[in-house]
Amino acid sequence: MGSEGPSVVTVHVTGFKKFHGVAENPTETIVSNLKAFMQKRGMPKGLVLGSCSILETAGQGAISPLYQIFQSSVTGPNDEPLSAGRVIWLHLGVNSGATKFAIEQQAVNEATFRCPDELGWKPQRVPIVPSDGGITRIRETSLPVNNLTKALAKMGYEVIPSDDAGRFVCNFVYYHSLRFAEEHGNKSLFVHVPLFLTIDEETQMQFIASLLEVLAPLN
């Protein structure tokens with residue numbers, strides 16, 4: 001056992017830009033402000049905040065930059081493998097009709113977009129990763145969603161576990177992330193947040209900070 005290096009967990013966080021029907025995406029604000037917020041608050045012991053990235057709200061057309069972000073967590077600038085510590089990908093998306101936070105258990109290999117994404121793609125019942133098989137294929141997070149939910153509820157947050165991340169861009173990104181995580185020995189988690197009109201910005205920032213705290217001892 002190493003004294004410090006191997007025990008460090010790096011959490012990389014993503015949010016989304018605004019998209020059709022959502023003029024202000026709270027996840028863009030949360031992820032943009034998270035590093036400064038956590039510097040003031042203090043990171044949980046053993047946890048490091050890695051990249052904080054804002055994704056295009058798009059599916060197939062945004063695959064290349066998405067995988068560049070993923071790859072940066074496992075390889076250095078000259079493509080040498082990074083071996084120190086472990087990696088968790090934390091993805092945030094908005095559910096404009098939600099009144100609570102939702103921690104997503106799984107993603108489905110199906111893209112059925114109710115409206116075109118921001119790059120104009122509107123798939124209907126197509127597999128996200130055709131080589132994985134049909135649209136009923138499910139990938140689950142290896143993180144304990146129910147335990148995380150209970151811990152956050154005890155802290156006073158309105159939060160539920162969920163086994164349906166939809167079929168839009170959130171599910172699309174989560175599916176790719178879970179697949180990448182499995183291939184590289186990482187972990188991945190997707191959390192849906194409400195609009196700031198429903199749960200204010202400060203509470204949402206505190207929620208993500210608390211989520212990082214409850215993730216820390218799991219590794």
Side-chain angles (χ1 to χ4, degrees), residues 1-15 27 29-55 66 68-93 101-107 139-162 173-174 176-193 201-219:
M1 293 290 291
S3 59
E4 43 189 27
S7 65
V8 172
V9 179
T10 303
V11 182
H12 298 279
V13 188
T14 72
T27 69
T29 303
I30 293 167
V31 175
S32 296
N33 297 335
L34 189 57
K35 286 204 171 182
F37 186 84
M38 293 308 298
Q39 279 172 356
K40 280 186 189 174
R41 182 184 171 111
M43 283 295 290
K45 184 175 169 56
L47 222 60
V48 172
L49 190 57
S51 60
C52 290
S53 308
I54 310 299
L55 306 176
L66 178 66
Q68 285 171 10
I69 292 171
F70 286 159
Q71 201 64 38
S72 69
S73 69
V74 294
T75 56
N78 298 315
D79 288 336
E80 74 276 11
L82 298 176
S83 56
R86 298 174 67 181
V87 170
I88 297 175
W89 280 98
L90 175 59
H91 305 285
L92 307 180
F101 299 103
I103 301 181
E104 300 294 347
Q105 175 71 47
Q106 62 189 34
R139 287 183 178 272
E140 295 190 12
T141 179
S142 58
L143 289 164
V145 167
N146 287 331
N147 292 351
L148 293 170
T149 305
K150 286 175 187 171
L152 290 161
K154 276 187 180 175
M155 295 179 181
Y157 296 106
E158 294 280 322
V159 57
I160 57 170
S162 167
V173 166
Y174 197 20
H176 277 287
S177 181
L178 288 167
R179 190 171 187 268
F180 185 91
E182 186 177 313
E183 288 174 353
H184 292 84
N186 300 340
K187 296 181 186 295
S188 173
L189 190 67
F190 198 104
V191 176
H192 269 115
V193 306
E201 180 179 339
E202 176 63 22
T203 304
Q204 296 217 30
M205 295 299 298
Q206 295 285 357
F207 173 82
I208 299 304
S210 297
L211 174 57
L212 293 175
E213 285 174 14
V214 296
L215 282 171
L218 295 176
N219 293 273

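Quick caveat: nothing in here was measured; it's all calculated off a predicted structure.
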Please enumerate all residues that pass salt bridge (Lys or Arg N to Asp or Glu O under 4.0 Å) together with Glu140, with sequence neighbours excluded. none

Report the distance from atom CZ of Phe37 to atom CD of Gln204, rounding to the nearest 0.5 Å. 11.5 Å

Can you tell if the side chain of Ser210 reaches within under 4.5 Å of the side chain of Leu152, non-hydrogen atoms only? yes

Quick one: pull up CG in Leu34 and OG1 in Thr27 and give me the separation to the nearest 0.5 Å. 11.5 Å

side-chain hydrogen bond (donor to acceptor under 3.5 Å, both in side chains) involving Glu202 - partner list, sequence neighbours excluded: Gln206

Does Met155 reach the side chain of Val214, with side-chain heavy atoms less than 4.5 Å apart? yes

Shortest non-hydrogen pair, Val145 vs Glu104, comes out as CG2-O, 3.9 Å

CZ-CD distance between Arg41 and Glu213, expressed to the nearest 0.5 angstrom: 4.5 Å

Is atom NZ of Lys150 surrounded by more than 12 heavy atoms (other residues, nucleotides or ligands) closer than 6.0 Å? no

Does some side-chain heavy atom of Ile30 sit less than 4.5 Å from a side-chain heavy atom of Glu201? no

Could you give the distance from CH2 (Trp89) to OG (Ser73), rounded to the nearest 0.5 Å? 4.5 Å

So, for His91 and Phe70, which heavy atoms are closest and what is the spacing to 0.1 Å? CE1-CE2, 3.7 Å

Could you measure the distance from the CG atom of Asn146 to the CD1 atom of Ile103? Nearest 0.5 Å is fine. 9.5 Å

Any side-chain heavy atom of Leu211 within less than 4.5 Å of one from Tyr157? no

His176 and Phe180: aromatic ring centres closer than 6.0 Å? no

How far apart are the closest heavy atoms of Val159 and Ala153, and which atoms are they? CG1-N, 3.7 Å

Beyond-backbone contact of Thr141 with Phe190, side-chain heavy atoms, under 4.5 angstrom: no

Against Lys187, only a single residue in Leu143, Leu215, Leu178 fulfils side-chain contact (heavy atoms from CB on, under 4.5 Å); can you say which? Leu143

Can you tell me how far apart CG (Asn33) and CD1 (Ile208) are? Round to the nearest 0.5 Å. 12.5 Å

Using a 3.5 Å distance criterion without hydrogens, assess whether the side chain of Ser32 forms a donor-acceptor pair with backbone atoms of Thr29. no

Any heavy-atom pair between the side chains of Lys35 and Leu49 that's under 4.5 Å? yes

Do His12 side-chain atoms and Gly50 backbone N/O form a donor-acceptor pair below 3.5 Å? no

Going by atom types only, do His192 and Ser162 share a side-chain donor-acceptor pair under 3.5 Å? no

Mind checking whether Ile88 and Arg86 have side chains closer than 4.5 Å, heavy atoms only? no

Is there side-chain contact between Leu66 and Thr14, with at least one heavy-atom pair below 4.5 Å? no

